[in-house]
Trainee: 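Mind looking over this structure? Questions follow.
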Amino acid sequence: MLSLGGVGAKSTKPSFVSYVTPEEIKLEKEPPKKEIHPDLLPGEVEFCSANPILKYTQDDLSQRGIFGTLFCTNFRITFISDEISQEETTKTFKNKLYGENDIPLMCVDHIYGVYDEKRKLITGGLVKNKYPSKMIFHCKDLRVFQFCLTYTKEEDAKRIFHGIAHHCLEEKSLKCVFAFSYTGTPSPEMQRKRETILFDSPEDWTQEMKRTKANCRLVTENENFDLSQRLPKYFVIPSALGDLFSYQGKGFPIWCWSHHSGCALFKASLPPVTQEDGDIQKHVDIMINAVAHNYLYSAKTEDLSESLPTIQDIQQSYNKFKQFFLIENSTDFWLSDMKWFSSLESSGWLDIIRQCLQKAVEVVECLEKENTNVLITEEDGTDLCCVISSLVQIMLDPYYRTLMGFQSLVQKEWVAGCHSFLDRCNHLHQKDKECHSPVFLLFLECVWQLVQQHSPAFQFSETYLTVLSDSVHVPVFSTFLFNSPHHRESVMKAESPLAQSSQLSCPTVWDWSVQFDSKAQNFFFNPLYSEKVKNERAVRKPHKLKHQRQLSLPSTAFKTPFKKGFFKDETESLKKMLRVKRLSRWIGSPDSSAAISREFYESWQQRPLDYHGLLLPCLDGLAVRVWMQRYLRWIPEVHILGGGSMAVITKIMDLLSQVQDLKRVLEHSRDSSQAAKLDHSPYIQHRLLSFGSSGRLSSSFPFSFSRNQSFKPIIPTGLMQCLMVTDSLASQEDEASSFVSLV
Amino acid sequence: MEKQQHSSGSESPVLPPVPRKPRSLGGVIPAPRQDSVDLPDSPTGSHVEWCKQLIAATISSQISGGSVPPEAITREYKVGKKIDFKVSRRTNLRAFKDVRRQAPMDEVPLVPGETVKTTVKDVMYICPFTGAVTGTLTVTDYKLYFVSLERDAPYILDVNLGAISRLETISVQSLGENTSGMEIVCKDMRSQRFAYKKEEQSNLEILEVLTKYAFPLSNELSLFAFQYKEQFPEDGWKVYDPVSEYKRMGLPNESWTISKINSNYEVCDTYPALLVTPTSIKEDEIKRVASFRVKHRIPVLSWIHPETQATIVRCSQPMVGPTDRRCKEDEHYLQTIIDANAQSHKLTIFDARQSIVAENHKAKDGGFENENFYSNMDLNFLDIPNIHVMRESLRKLKEVVYPTIDEPHWHSAIDATHWLQYIRLLLAGAVKIADKVESSKSSVVVHCSDGWDRTAQLTSLSMLMLDSYYRTLRGFQVLLEKEWISFGHKFAARVGHGDENHANSERSPLFVQFIDCVWQMMRQFPTAFEFNELFLITILDHLYSCLFGTFLYNSEQERVENEVNSKTVSLWSYVNSQPEDFTNPFYVDYENHVLYPVASLRHLELWVGYYVRWNPRMRPQMPVHQNLKELLYLRAELQRKVEELQKEASSSHSISSSSEHAYSPSNGGTPLHTSV
């Protein structure tokens, strides 16, 4: 590890330079400068630094920039400008952990070095005695930074480059992650009452079963991970499932959620392939049997790994897709603008989103329309199973569309559900490419599609999702740091004596006050969320008619199979036959299943929309969109000053506060004797996003202000490059008649 | 069911429904036909109906930054049970039920002045979305109306004859020997196919009747606008008065004068009677300039900056010709324009064409200003292709979106039409012009070839960016009346009203393209426009419908000759009689803010609400605006109560104007359902 605090005094200290050469800078005799240090977080340690470093301002082709000092700490790479920037202070939406010029080490995606005008990808092992003249950082949150090292003393440049390369690119062990050094105290603000359910106790699960009226069995045998390390500490299984230990920790149908009709969604990993064929078959049969017993002896299984893209496909597609947003300069931007739609299509990312949503709709259809139990399987049961099961629950259960509900869902399906965050997000910069995949991001993308299509149904905003997608790469939180609860527990146990006397102080990501003040947290909420009227809440009407009709069938008799349902009978052969049929039905002909779920969508579409009922996404070509806020937020060329969705939100916020004001005035004047009561009003008394109409918010993220009225518009370049119309039309006259006669 | 309960819940007495039709337009006596707007028997009833859903979709899209593509069930919606479902989400359910009682479903609703020409039973409409239906087809002199009572919900198809571009017989052999087929290709991105029995006498004429009334001008009939007898409380012909509009801009002033030189349309027959020209230029000089400009379309003022006096001037191309002809008067004229603006000594000429094309025009006696002869001038080519390229692009677009969408290749198919790339070019050009005027404070001259197509697009778009007045409901009407209608955009030729020659190369969707640009701006600045998407779609629908006189004929002169103002109704009469329908609830007056839309494909999007509205799958889903409307209503209600209280209160207590805004972040959305 490199020595700490290597901030040697620099001989030069340029304040602001644009076209001034370094020679000129050196001539300027400046007063001895104060040492600049970043404001370190508790537990943060500075490794190395270099000065002066030129940070290119992204929106400019002229290679202009700001001089400052570049630091590398155990948490982040940070650049501190020599000027005092006022911009930071005016931000309405500011992250308390890292600012505009900070890159958490975990957030670094790729580093490129420019050697003699040639751009090379820096990989961990490549570090030699050389250093590039320019470093380009591509971040996982899609920011791009460019730092020039040529003005720095050689040794400093070398040190900072090697330091950064070492800390960002070398494979490291989990205990080096900043979260284990972070000593920030958990904020007392966290309201215990409204806390996210973490699903790390049996009570959480019992409560959830009670909420959904599930009729399943809570398993506590894995408390010490005796059953399997790839299973949650506590989980719920169909009550019909017998001996647990014969499963070798694999192939448990794990309960996800129960529909109000009684049918439920289960997920399972597949039994190990090493077993003999017959054994697997037996396993699967037992699994299906158990699932079917849950409600009305009907079940459907779906092997997600057969019908959805693999995690490698997802990774590949996302890699292509994100390139369109990692823009280094204007020329690149306008060049890539030309074939924008085609490029989008070629990445396939939107199509993967569509496929996932489509699959979720199919599962929803089984639960909602056919009241069939559904078992989704996958080799591990912790990737696409998590995506699909969470999406299904969001579509069916309005609770998960609230902020707390959504966070609980992430805990339930992803964190407690053993999604391998550490491997998938590649937090440790492992070389093994196979296991990296933005599965969780894919899930957030799908949720975003739902949010943008049905925004009043969601209590949270797209900003919340964007922030959540960034928080995955902030190594302060323990939430997304581990591969499973077992992993988490063993690491935490091993690390705690090292860090502190008692426990590690890793906050959960859900403690948003660690990152944002309450004002900024307002952006997480959707101002037009149509909250459920309270008294309606209790009544959750099942589909009575349907229900009764089904119940009227003798449950032991052979029932007519549901439209595309699979129904479980006692005779093995029939069961097998049916299942094979059903599998081919689902997997073999995706077209027809798409057509059927289209029918389902259309019939749903015909009914009046209830934001607290079933919610389905529109999946037509034009409906699946690019998550503009997340992907375009750092590209200055596309920022609409005074426009964008922020303009609407501002308007609504204004309106809301006007209404509140009026209410207050009314109350006040109605009963002035009870005026004191106002102080006890449940409202938190602070000015709400009071950006009024004096300034204009940019559509960019994080919504910086602009008070100047006149600004330069962005004028595209190279407009016609691929539009050169060569056919005869272009040369045709606008008019049939010629104007020669007029001369 | 649960759903219905909920939807009725949202209309619960807690928040009384927003008044369905507040027609109190400042004490104006309501029109005789009170409910005309919402009823299907009004010219625009069904239109308003579905459009409300569409607004809902649009607005929600503005909130989340994207949108669920709204559809339009326009005249293809289903009435009956299903409409009840839809309507129950809104507030005019009762109105619909009333209608059904008054008029049986098989009766054709007519607008005043409309007469039925033929009715044919047992016609099969081959719907590309829901399959074939059999019903009764009625042709009037205004529309084609098809009703089928075959399904449990009556199915209605309603097509304005004005929207028909071409009629063709098609082969429908699969339906039997005696069956004839007919295909109607519309200008508004859809086509319909019908099949009917051959043998019956009355059926033979259906195509003839349709042809006759769909193309009245080709059949020596007059356009339907001259028969239309609806009366509106507002008179749309009074919306635009050139003198008061110029007065609003501060004209005339010492440099610019309102000239009557063209009052008899003698100088230029495609220009309006009143023109704003430099004060110091004399009449004979103007005439010489006119002879140097194509179609005599001299440079005249379109807009003047209220502070800097920088102007937007429009004209046609100079007739430079292959020999580089000069015209001293023209050069002097432009110099005078520079001199009229003390802030800048430069003039920028924006030639909308591609430079190669402009060069080619020289050979045909047109051309562009030679910078050697016109001192102090910059010439800029905006590289916008001509009307034929645009027509072709929209044709390709129709292939992509109607009737079905090839989903896997949707994006690249859109790319291949180049439609959005052209929109981008136009917006980029207009941004350049607006920036020149605003930032460089310099005057600009805009022209293309004739100065009535791309020129109108560019000047009106840049004026929309620069002047917030044009972003109001009235202001936009003025903008259209001025830059498009009075300055001779050849609506008749470009649209082909009542003309059967569908292959005429004069036709081109330039105005549609312009409205699309406005829509793109609206998307980027969702709070900057007083009007909404419905307003834009209404304009486009009546661009074709021939119901109103607004977009008829090619020039002001023709309109005067045909007495359009006295013999037809203006579209603005209709719009301004119910402005609530066309108002954007998010509107915030940005005062003098200049809007620069981002001309990047990343921010441009296909206008699904217009181009793909016939596809029922594109139906808008969520009336987000309902929440907003409730909120607005709540505010109004509270304001009223506060005022009442203030009146009542004998000023004993002062109302503390607490500026503190309350908002509870813990539960996010402020409950809209709390009782007042």
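In what follows, chains are A, B, ... by sequence order, proteins preceding strands, each numbered from 1. This one's a predicted model, so the numbers in the text were calculated from it and none came from an experiment.
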Trainee: Heavy-atom distance under 4.5 Å between the side chains of Trp340(A) and Asp415(B), does that happen here?
Mentor: no
Trainee: Is chain A contacted by the side chain of Leu420(B), its backbone, both, or neither, given a heavy-atom distance below 4.5 Å?
Mentor: side chain
Trainee: Given side chains that start at C-beta, do those of Lys339(A) and Gln421(B) come closer than 4.5 Å, heavy atoms only?
Mentor: no
Trainee: Under a 4.5 Å heavy-atom cut-off, does chain B meet the side chain of Phe333(A), its backbone, both or neither?
Mentor: both
Trainee: To the nearest 0.5 Å, what is the distance between CD (Gln524(B)) and OG (Ser645(A))?
Mentor: 12.0 Å
Trainee: Which answer fits Ser461(A), side chain, backbone, both or neither, if we ask what part of it has an atom under 4.5 Å from a heavy atom of chain B?
Mentor: neither
Trainee: Strictly distance-based, threshold 3.5 Å: is any side-chain N or O of Asp337(A) a donor or acceptor partner for the main-chain N or O of Ser600(B)?
Mentor: no
Trainee: Answer with side chain, backbone, both or neither: which region of Leu350(A) has an atom nearer than 4.5 Å to a non-hydrogen atom of chain B?
Mentor: side chain
Trainee: Just by modelled atom types, is the Ser343(A) backbone N or O under 3.5 Å from a matching donor or acceptor in the His411(B) side chain?
Mentor: no
Trainee: Of the backbone (N, CA, C, O) and the side chain (C-beta and beyond), which part of Leu604(B) lies under 4.5 Å from a heavy atom of chain A, both, or neither?
Mentor: backbone
Trainee: Might you work through the salt bridge (charged side-chain N to carboxylate O under 4.0 Å, His left out) test for Arg602(B) and Glu637(A), ending with a clear yes or no?
Mentor: CA-CA 10 Å; Arg602(B) 267 101 160 161; Glu637(A) 280 82 0; over 6 Å; no
Trainee: Against chain A, label Tyr587(B) side chain, backbone, both or neither, depending on which of its atoms sit under 4.5 Å from a heavy atom there.
Mentor: backbone
Trainee: Using the rule given for side chain to side chain contact (heavy atoms under 4.5 Å, CB included), can you reason through Ile652(A) versus Phe586(B), listing the C-alpha separation, both sets of side-chain angles and the distance that settles it, and then say yes or no?
Mentor: CA-CA 8 Å; Ile652(A) 297 167; Phe586(B) 290 111; 3.7 Å; yes
Trainee: Write down the atom of Val598(B), the atom of His639(A), and the distance for their closest heavy-atom approach.
Mentor: CG2-O, 3.6 Å
